[in-house]
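Okay, so here's the structure we're looking at.
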4 protein chains.
Amino acid sequence: DRPLTIIAGPCQLESADHAQMIAGTLKEACDAAGAQFVFKGSFDKANRTSVNAAPALGLEKGLAVLQSVKDTIGVPVITDVHEKEQCAPVAQVCDILQIPAFLCRQTALLRAAGETGIAVNVKKGQFLAPWDMANVAAKIESTGNGNVMLTERGVSFGYNRLVVDMQSLPEMARAGHPVIMDATHAVAQPGGLGGSSGGQREFAPVMARAAVSVGVAGVFMETHQDPDNAPCDGPNMIYLDQMPKLIDTLMAFDRLAKANPVQI
Amino acid sequence: DRPLTIIAGPCQLESADHAQMIAGTLKEACDAAGAQFVFKGSFDKANRTSVNAAPALGLEKGLAVLQSVKDTIGVPVITDVHEKEQCAPVAQVCDILQIPAFLCRQTALLRAAGETGIAVNVKKGQFLAPWDMANVAAKIESTGNGNVMLTERGVSFGYNRLVVDMQSLPEMARAGHPVIMDATHAVAQPGGLGGSSGGQREFAPVMARAAVSVGVAGVFMETHQDPDNAPCDGPNMIYLDQMPKLIDTLMAFDRLAKANPVQI
Amino acid sequence: DRPLTIIAGPCQLESADHAQMIAGTLKEACDAAGAQFVFKGSFDKANRTSVNAAPALGLEKGLAVLQSVKDTIGVPVITDVHEKEQCAPVAQVCDILQIPAFLCRQTALLRAAGETGIAVNVKKGQFLAPWDMANVAAKIESTGNGNVMLTERGVSFGYNRLVVDMQSLPEMARAGHPVIMDATHAVAQPGGLGGSSGGQREFAPVMARAAVSVGVAGVFMETHQDPDNAPCDGPNMIYLDQMPKLIDTLMAFDRLAKANPVQI
Amino acid sequence: DRPLTIIAGPCQLESADHAQMIAGTLKEACDAAGAQFVFKGSFDKANRTSVNAAPALGLEKGLAVLQSVKDTIGVPVITDVHEKEQCAPVAQVCDILQIPAFLCRQTALLRAAGETGIAVNVKKGQFLAPWDMANVAAKIESTGNGNVMLTERGVSFGYNRLVVDMQSLPEMARAGHPVIMDATHAVAQPGGLGGSSGGQREFAPVMARAAVSVGVAGVFMETHQDPDNAPCDGPNMIYLDQMPKLIDTLMAFDRLAKANPVQI
């Protein structure tokens with residue numbers, strides 16, 4: 001098995017300079033630790049809790065920022081799409097398309113993503129069982145594109161709380177696609193602050209480590225140099241200056257896990 | 001309080017004849033029982049479990065069927081929209097737009113629906129708490145359209161099962177909008193049959209009755225003359241020939257409930 | 001079907017005078033409304049959240065209070081048992097033994113309760129499915145005592161919250177025993193106040209009404225003249241002076257429900 | 001931090017010979033891997049799903065078997081108590097008393113266990129949040145006995161299924177007591193086979209590994225040379241001949257985790 005891939009970046013793209021700063025820091029940390037790295041940033045936050053949330057860059061400016069990260073830092077990039085019309089233009093810049101969890105059953109969007117021919121990472125809906133994701137993957141595969149990744153990000157557990165079922169990681173792997181752990185959204189508390197989501201960032205490394213020990217292809221984490229002043233997802237983002245040590249630790253667990261794979 | 005509104009129809013529109021047959025039967029039953037009636041049918045099923053599900057009529061043919069129901073039966077009609085571009089054309093035919101549960105946080109879709117100026121019925125996501133719906137309604141209200149309805153259709157309860165929390169009905173009513181109980185989707189078992197959703201139609205009248213007794217503005221129910229051969233949602237649809245008796249019973253509970261309103 | 005039975009009383013027995021006052025008020029209200037009445041009070045609270053909770057009367061004094069209620073008010077009484085040795089002495093005074101939810105799988109306790117020969121009301125554990133209760137009832141039936149009642153009091157729904165699944169009422173009825181709705185514990189928030197349970201008493205009538213409309217043999221409710229100063233369960237108990245009106249309303253729903261029984 | 005403790009044994013004690021065979025095999029494996037070992041076996045299964053379950057040895061014979069394990073294998077032993085009268089005699093043989101999950105709020109039982117003065121391991125109820133366990137520990141501590149261990153064994157997640165929240169491990173640790181992961185009960189499916197519990201033993205090593213990586217004082221696992229013919233818990237017990245390799249792997253993760261402790 002290949003070493004762990006770290007998919008990371010700020011929740012929302014802010015500017016080219018900001019994205020490059022984050023990507024550069026993460027690239028260096030991943031290189032030092034022997035991890036693969038993919039930069040993630042969103043050009044739109046289509047399902048924020050409140051209509052009053054901070055506005056995002058939009059498609060055109062967002063893609064320009066992502067292109068600048070590719071050009072200057074030399075890393076692959078991923079972003080999320082919300083409408084089927086966004087898939088083709090995004091695929092011209094990005095290496096991987098991401099389908100948000102709420103939209104993971106929207107057939108037209110999944111098919112449009114598949115038809116781009118590039119890799120598609122689908123986040124498992126908070127309302128789905130891990131074995132339901134085989135049907136989701138099949139919608140993409142029906143376009144002839146078998147390059148699918150499946151991401152765990154927690155499942156609804158009562159009101160305003162998620163739980164991560166570590167059994168879901170090997171369960172999803174049965175569908176034959178790489179499995180990613182989204183460690184920071186998994187510790188979000190949806191709607192937990194009334195007009196926005198809460199979160200417990202201190203638990204994100206816990207979730208990341210447990211998942212890596214079970215065995216995953218990658219870990220997704222949102223990070224920011226100043227989470228409390230970030231435009232979104234502040235309560236669950238990891239401080240950027242803590243990422244190098246965390247990545248290093250995760251790689252140690254990854255090596256141990258891949259030398260001793262779980263068998264189910 | 002006004003008498004109960006029954007929102008009902010087949011899951012998926014099949015043909016003008018079929019829609020008129022269903023609508024006519026239901027109109028007659030509602031008239032006899034003193035209920036208001038709104039016909040519901042879908043032109044697209046955008047988030048079916050499997051990519052191999054039976055195809056739907058599509059927007060143009062679907063709207064023509066809905067128009068024919070209005071013309072021949074003389075009842076208001078409602079259908080669900082999945083992409084923001086669908087809102088304007090649908091609003092030219094329909095009296096109410098419906099936002100599916102998975103899409104209840106998509107800001108652009110909610111705003112496009114609000115901007116049509118007609119009533120918008122939002123189904124509460126299986127991943128949301130009832131108090132989260134005030135933020136959802138605010139996205140529509142931000143367009144100047146305060147004509148919002150909120151629908152309960154169950155909340156995730158472990159894997160492949162929903163539970164209806166009757167407390168959610170008065171909780172959602174606090175947002176100041178009419179509350180609807182979706183009694184048939186609430187007894188669906190998402191993904192419960194592997195490649196499609198299961199369901200327990202025998203419990204739909206139980207959910208409908210309990211909700212009406214607590215006090216709601218309307219009840220939504222899918223119905224079909226032959227559910228086991230319907231193109232979708234068969235396991236949880238109610239037999240059409242059982243609807244008149246059910247509507248009659250629900251109206252009796254509605255009269256009693258509205259004479260003795262719950263106070264929280 | 002027989003009219004609804006109201007099982008009610010304070011959470012914890014305080015004194016003979018207090019118990020008789022509560023029982024007398026409730027007996028009068030039930031007589032006026034045509035309901036059957038059973039008085040409930042606990043001589044011990046064996047599983048309080050905190051070790052610092054207010055002490056209870058204990059077995060001997062508690063049974064004396066219950067006997068005084070029988071003698072002066074002339075109503076049947078029920079109390080909960082926590083250890084198998086308590087069953088025989090309690091059965092000499094009480095008409096019904098109650099098994100607490102946490103203890104509903106303890107074989108020795110269930111068998112000791114069954115062996116008294118009097119009716120046994122088992123509360124469904126917060127960790128059980130409704131269909132699991134047939135195995136619970138069978139433990140009592142194995143003693144030759146088929147006089148069993150099954151009580152719904154909510155099921156775990158994430159942390160520190162319960163949800164009532166109205167489907168569980170007809171599901172449990174399939175076991176062939178009368179089903180009771182515990183409307184006040186169902187709205188408790190276990191551990192919700194840190195050192196004690198929280199609750200939302202305003203929703204107890206909602207749960208009671210919904211359950212009665214679905215169809216139950218009885219409703220259990222805790223009540224107190226001054227819940228905020230009661231020794232336990234204050235946040236979810238109903239004010240005593242609101243009980244007569246509530247019982248009256250529940251009887252109206254009960255008559256309508258029993259004239260139109262749910263069929264599953 | 002001290003190396004991981006393995007608490008293991010068959011679900012139900014069968015005979016002295018059988019217990020010694022299991023304990024000897026596990027002692028050897030733990031010695032080889034550098035793990036501490038405690039033998040666990042039950043003299044009674046007080047809350048089996050069905051009244052028809054295989055009978056257990058009972059208190060007297062069970063304690064004799066546990067004493068024989070101590071005498072011949074030289075390891076500490078633990079067993080579970082269900083009634084307060086059992087605590088004193090069990091404490092004369094065992095090194096640790098265990099409180100079953102369903103009984104974790106029974107004040108009298110917790111106090112009786114605490115009063116023995118030996119260590120008390122309390123399993124977190126399937127209906128409790130991790131932060132609720134501080135109140136549970138306080139009931140034992142109120143006897144002057146601070147030697148408490150807290151065990152995670154999954155939390156109710158819908159019907160007939162548990163989920164393990166890895167966040168609960170550091171959350172419980174905040175109460176200041178060693179935290180144990182019960183890896184085999186966590187993958188049980190309570191009531192999942194109708195008259196008995198189901199389970200997915202293939203996931204027990206997954207849960208064990210994830211918990212060890214997060215950081216725990218010990219792991220509890222039930223094991224049997226022939227689980228499918230064991231008197232209880234067969235579906236989730238681990239094959240005895242797979243235990244040495246599993247313990248060895250867990251120790252590698254334990255060393256890595258304790259060199260890189262999680263900080264919350």
Side-chain angles (χ1 to χ4, degrees), chain A residues 127 129-131 152 154-158 161-171 173-174 181 183 186-189 199-216 236 239 242 245-264, chain D residues 127 129-131 152 154-158 161-171 173-174 181 183 186-189 199-216 236 238 242 245-264:
Chain A
F127 43 83
W131 42 84
E152 170 66 37
V155 60
S156 287
F157 180 62
R161 191 170 177 106
L162 303 169
V163 68
V164 176
D165 176 8
M166 289 291 155
Q167 291 192 38
S168 77
L169 302 173
E171 281 279 7
R174 285 174 165 162
M181 177 73 213
V187 301
Q189 295 175 320
Q200 297 179 286
R201 77 167 66 92
E202 67 272 27
F203 286 106
V206 175
M207 292 296 108
R209 177 187 289 206
V212 167
S213 302
V214 170
V216 288
N236 52 291
Y239 282 93
Q242 298 177 352
K245 173 81 178 80
L246 174 56
I247 291 169
D248 206 54
T249 304
L250 292 180
M251 289 310 292
F253 279 97
D254 185 60
R255 284 187 294 271
L256 185 56
K258 284 178 180 157
N260 297 277
V262 156
Q263 277 157 343
I264 64 163
Chain D
F127 42 84
W131 42 82
E152 169 67 39
V155 59
S156 287
F157 181 62
R161 191 170 178 107
L162 302 169
V163 68
V164 176
D165 176 7
M166 290 291 154
Q167 290 192 38
S168 76
L169 302 173
E171 280 280 8
R174 285 173 165 162
M181 176 74 212
V187 300
Q189 295 175 319
Q200 297 180 286
R201 77 166 66 92
E202 66 274 26
F203 286 106
V206 174
M207 292 296 106
R209 177 187 288 206
V212 167
S213 302
V214 170
V216 288
N236 52 295
I238 298 174
Q242 298 178 351
K245 174 82 178 78
L246 175 55
I247 291 168
D248 205 54
T249 305
L250 293 180
M251 290 309 293
F253 279 96
D254 185 60
R255 284 187 295 270
L256 185 56
K258 285 177 181 160
N260 297 276
V262 157
Q263 277 157 342
I264 65 161

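So you know, we letter chains A, B, ... as the sequences are listed, proteins then strands, and number each from 1.
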Pairs of heavy atoms under 4.5 Å with chain A: top-ranked of [options]:
| options | result |
| --- | --- |
| D:E202, D:M166, D:R209 | D:R209 |
| D:T249, D:V212, D:I264 | D:I264 |
| D:S213, D:A259, D:G215, D:A210 | D:S213 |

Item to check | Donor-acceptor pair, side chain of D:K258 and main chain of D:F253, under 3.5 angstrom | outcome: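 Side chain of D:K258 to backbone of D:F253, a donor-acceptor pair under 3.5 Å: no, none is there.
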Next on the checklist: For the backbone of A:L256 and the side chain of A:N260, can you confirm whether one donor and one acceptor N or O come within less than 3.5 Å of each other?
Outcome noted: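 Yes, the answer is positive, given that a donor and an acceptor are paired below the 3.5 Å cut-off.
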Item to check | With D:F203 via ring-ring contact (aromatic ring centres under 6.0 Å, His included) - residues at least two apart | outcome: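 ring-ring contact (aromatic ring centres under 6.0 Å, His included) list for D:F203, sorted by chain: empty.
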So do the side chains of [X] and [Y] get within less than 4.5 Å of each other, counting heavy atoms only?
| X | Y | value |
| --- | --- | --- |
| A:D254 | A:M251 | yes |
| D:V155 | D:L162 | no |
| A:E152 | A:E171 | no |

Item to check | Contact origin within D:V262 toward chain A - heavy atom pairs under 4.5 Å | outcome: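 It is both, since atoms from each part get that close.
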Please flag which part of [X] lies under 4.5 Å from any non-hydrogen atom of chain D: side chain, backbone, both or neither.
| X | answer |
| --- | --- |
| A:R161 | side chain |
| A:V206 | both |
| A:A211 | neither |

